[in-house]
Protein chains: 2
Amino acid sequence: MNIASKTLPRKLAGRLIRPTIQRIKILDYLINDPCHPTADQIYKDLHKEIITLSKTTIYNTLKLFARAGIVKELDFGNSETRYDVIIENHSHFLCKGCGSISNFYINLDDWSCSELNGFKIIERNVYFKGLCPDCLLNINNKLPRE
Amino acid sequence: MNIASKTLPRKLAGRLIRPTIQRIKILDYLINDPCHPTADQIYKDLHKEIITLSKTTIYNTLKLFARAGIVKELDFGNSETRYDVIIENHSHFLCKGCGSISNFYINLDDWSCSELNGFKIIERNVYFKGLCPDCLLNINNKLPRE
DNA sequence: GTTCCTGCAAAAGCTTTGCAGAAGA
DNA sequence: TCTTCTGCAAAGCTTTTGCAGGAAC
């Protein structure tokens, strides 16, 4: 594990979550992996290390983390939920070419709108879709297929 | 159907979509219903009128409409996709109390961010979550449960 | 000893696919 | 006639649930 092995157990214990091996590994994966993985990606990768790890545990843990405010569940209109460690208020860019997700930062706190007078805004979510620099390059360098 | 019965067939034909009864009814439902329905809600309501209508046709039609740019598929992190007629650039407010979705309007076209230099932005999506005025009232009028 | 956690198997829920018959051009 | 459309049944996928054995306190 990349992050000091003592840090993560403390982080979990601080949230009243018993730091089991599975949970530590999953949190470590989420923190060190920048790709906003799906449950299945986490499973496939961690399963190599812990062969007994089950998907149920992945889902249990992710739901637990979400309720504890450690991760956020992201939805981009695909069938799969993606998981993101909550660091600070940031937004996401989904590349339609390669499916990668990039973070970007916009201050959302001030955003409102006269139409929402009387509404209590708890959460502001923003995501953009488009093409990342790599995919743009590929398109420009290659002849259009089809 | 609420909207003039000649208008919708024309609208579909203009998009090279054969205006069948099912498609006209679904489009009519989407245009006249402000609630951003799920496929199941559309099915339950239209099934009363057209008892032979199947869910497959609902899904086929919604996908067709989405590809034709008539509707947009919305995802709020629930398991169900919600469908919205594309009228103009608008955003959505999801009430965590009653699940209702309200539209609000913000000009998104100008939004960018230095971190996204080199990215091609095709779509900007914004959704807020919180409590609608009705649910806020209910909370204030009632004693907290639990 | 009691509570919490893990993981297999099965179920649940939404959406898609295969296919045959019907409708339309 | 030939293409397109509909709708039943079944499959596909992600996620959740039931439950029994095991670990932790």
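Labels below follow one simple rule: chain letters A, B, ... track the order of the sequence lines, proteins then strands, and each chain is numbered from 1.
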Show the atom names and distances, to 0.1 Å, of all donor-acceptor pairs under 3.5 Å that link a side chain in residues 70-77 of chain A to residues at least two apart or in another chain.
{"from": "A:K72", "atom 1": "NZ", "to": "A:N125", "atom 2": "OD1", "distance (Å)": "2.6"}
{"from": "A:E73", "atom 1": "OE2", "to": "A:K63", "atom 2": "NZ", "distance (Å)": "2.8"}

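At whole-Å resolution of the value, CG in B:L46 and C1' in D:dG7 are 15 Å apart. Between A:H47 atom NE2 and C:dT6 atom P the separation is 16 Å, expressed in whole Å. Between the CG atom of A:D75 and the P atom of D:dT14 there is a distance of 13 Å, rounded to whole Å. Per the geometry, CD1 belonging to A:I17 stands 16 Å off C1' belonging to C:dT6, to the nearest Å.
For the OP1/OP2 pair of C:dG7 and a distance below 4.0 Å, the side-chain nitrogens and oxygens of A:T52 include at least one atom meeting the criterion.
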> What does nucleotides 15-25 of chain D look like as a protein-contact string, B for base, S for sugar-phosphate only, - for none, at under 4.0 angstrom between heavy atoms?
Replying inline: BBB------S-
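Closest heavy-atom contact between A:A68 and A:R15: O-NH1, 2.8 Å.
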>> Please determine whether ring pair (Phe, Tyr, Trp, His ring centres under 6.0 Å) holds for the pair A:F128 and A:F104, giving the CA-CA distance in whole Å, both sets of side-chain angles, and the decisive distance to 0.1 Å.
In response: CA-CA 10 Å; A:F128 290 2; A:F104 64 93; 5.0 Å; yes
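With a 4.5 Å cut-off on side-chain heavy atoms, B:Q22 and B:N60 do not count as touching.
Proximity of a side-chain donor or acceptor of B:R23 to a complementary backbone N or O of B:T61 within less than 3.5 Å is not detected.
Nucleic acid contact for B:T20: sugar-phosphate only, since backbone atoms but no base atoms lie under 4.0 Å from a heavy atom of the residue.
For A:I50, the side-chain contact (heavy atoms from CB on, under 4.5 Å) partners at least two apart in sequence or on another chain are A:I21, A:K25, A:T52, A:L53.
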